[in-house]
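Here's the structure we're looking at; comments come further down.
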Amino acid sequence: MPRALARASHAPGSSDLLTIGQVLARLKPEFPDLSNSKLRFLEERQLVTPVRTESGYRKFSAEDVERLRFILALQRDHYLPLKVIRQHLDDLDAGRPSTLPSGAAPSSMLTGARRLGRDELIAEAGATPALLDDAIGTSLVPAAEFYGDDHVKVVSALVELKKSGIEPRHLRAFRAAAERELGLIESAVAPVSRRRDAAGRARVAELAREISDQLEIVRSSLIRSALGRLDT
């Protein structure tokens, strides 16, 4: 098991341990939405186990920070729910073989998420500037300073679709469908979202991911069924 993902074993009072503020300072450049409440939520879900000082303050090791980076990258870049990530980490902690679902990259590749500029994204996806502009214009890809692996996958898919005559403009309905799906998810999490505390906000985010995963299963099944009719 990679040392960076191991559940850390450290003693309180070690000089190399970090406060929660120091952890945020290290990780927020890669994960701008990270907050104290998010870190506390991950601890509540037993994905990371910082030690506590006699005064009750959390202290994180370097291994804890890399473990958090791994978890956050899986959530951001591969949309994996925490229960799947936790099972994967539990297997690694126990020395059991474990494979990430949905074609996610192995843990050794996720200790640091990539940040690609526009030109790098175009080169890696094999796209043209015009294709990327069309993708941004139809809201299939955001207009951003930096892009991640998920954006590479989307633009690469658009490159392949273009070979079959399918342009980004033909996929506007996909964006509209995503907005309708978001409306379903917002309605479903509304009862939980009434809680204004940090744990409640974190639970809303996790529940939304889980619902999205289930909707993806239904969507994929419908598409497979429709493709089956093409063979008849």
Side-chain angles (χ1 to χ4, degrees), residues 4-5 17-45 47-48 50 57-86 88-89 100 102 104-105 107-125 132 135-137 139-156 175 178-179 181-182 185-186 189 192-193 195-213:
L5 298 183
L17 297 183
L18 305 173
T19 65
I20 193 168
Q22 291 171 320
V23 172
L24 285 171
R26 290 194 179 192
L27 294 179
K28 279 183 76 70
E30 297 174 54
F31 308 98
D33 295 332
L34 186 61
S35 63
N36 287 6
S37 61
K38 174 68 172 181
L39 289 178
R40 287 194 293 269
F41 179 70
L42 293 175
E43 181 186 3
E44 290 172 5
R45 289 301 184 92
L47 285 145
V48 65
Y57 293 105
R58 297 172 177 81
K59 290 287 188 174
F60 298 80
S61 71
E63 288 83 2
D64 288 328
V65 174
E66 290 307 313
R67 189 179 178 98
L68 285 166
R69 180 177 282 114
F70 173 65
I71 293 165
L72 295 168
L74 282 179
Q75 282 192 303
R76 182 192 63 192
D77 300 334
H78 300 283
Y79 306 104
L80 294 180
L82 285 181
K83 62 182 179 181
V84 173
I85 297 173
R86 179 179 174 182
H88 178 64
L89 289 173
L100 289 167
S102 304
S107 57
S108 61
M109 295 176 62
L110 284 171
T111 54
R114 294 193 300 165
R115 287 159 56 88
L116 305 175
R118 174 187 167 89
D119 292 341
E120 292 173 311
L121 171 63
I122 289 171
E124 181 140 350
L132 180 56
I136 293 172
S139 299
L140 298 175
V141 174
E145 183 178 0
F146 295 106
Y147 297 90
D149 287 330
D150 191 59
H151 299 119
V152 174
K153 291 180 181 178
V154 171
V155 178
S156 296
R175 181 66 183 180
E179 293 295 337
E181 185 173 305
L182 177 61
I185 294 173
E186 288 177 338
V189 303
V192 183
S193 64
R195 291 180 54 187
R196 299 299 181 182
D197 59 313
R201 292 193 298 272
R203 176 55 185 156
V204 167
E206 177 62 10
L207 179 59
R209 288 181 184 274
E210 292 175 357
I211 294 172
S212 177
D213 290 341

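Computed from a predicted structure; not experimentally measured.
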For [Y], is there any backbone N or O sitting under 3.5 Å from a side-chain donor or acceptor partner on [X]?
X	Y	answer
R67	L47	yes
Y57	I20	no
E30	L27	no

Over 12 non-hydrogen atoms of neighbours within 6.0 angstrom of CZ in R45: yes
K28 NZ: over 12 foreign heavy atoms closer than 6.0 Å: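 Result for NZ/K28: enclosed.
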Under the rule for side chain to side chain contact (heavy atoms under 4.5 Å, CB included), what residues qualify as partners of [X], not counting sequence neighbours?
X	result
L182	E179, E186
S35	S37, K38
E124	R114, L116, V152

Non-hydrogen atoms of I136 and P142 that approach each other most closely: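 So the two residues come closest at CG1-O, 3.9 Å.
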Is any side-chain heavy atom of [X] closer than 4.5 Å to a side-chain heavy atom of [Y]?
X	Y	answer
F70	L89	yes
V23	R69	no
S212	I185	yes
K59	P50	no
F60	R58	yes

Distance, nearest 0.5 Å, that separates [atom1] of [X] from [atom2] of [Y]:
X	Y	atom1	atom2	value
L39	L24	CG	CG	5.0 Å
L82	H88	CG	NE2	13.5 Å
S156	L121	OG	CG	8.0 Å
L42	D64	CG	CG	11.5 Å

Chi angles and distances behind the side chain to side chain contact (heavy atoms under 4.5 Å, CB included) call for F31, L68: CA-CA 11 Å; F31 308 98; L68 285 166; over 6 Å; no
Basic-acidic side-chain contact under 4.0 Å: R40, E43: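 Looking at R40 and E43, the cut-off is not met.
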From CA spacing to verdict: side chain to side chain contact (heavy atoms under 4.5 Å, CB included), R26, L34: CA-CA 11 Å; R26 290 194 179 192; L34 186 61; over 6 Å; no
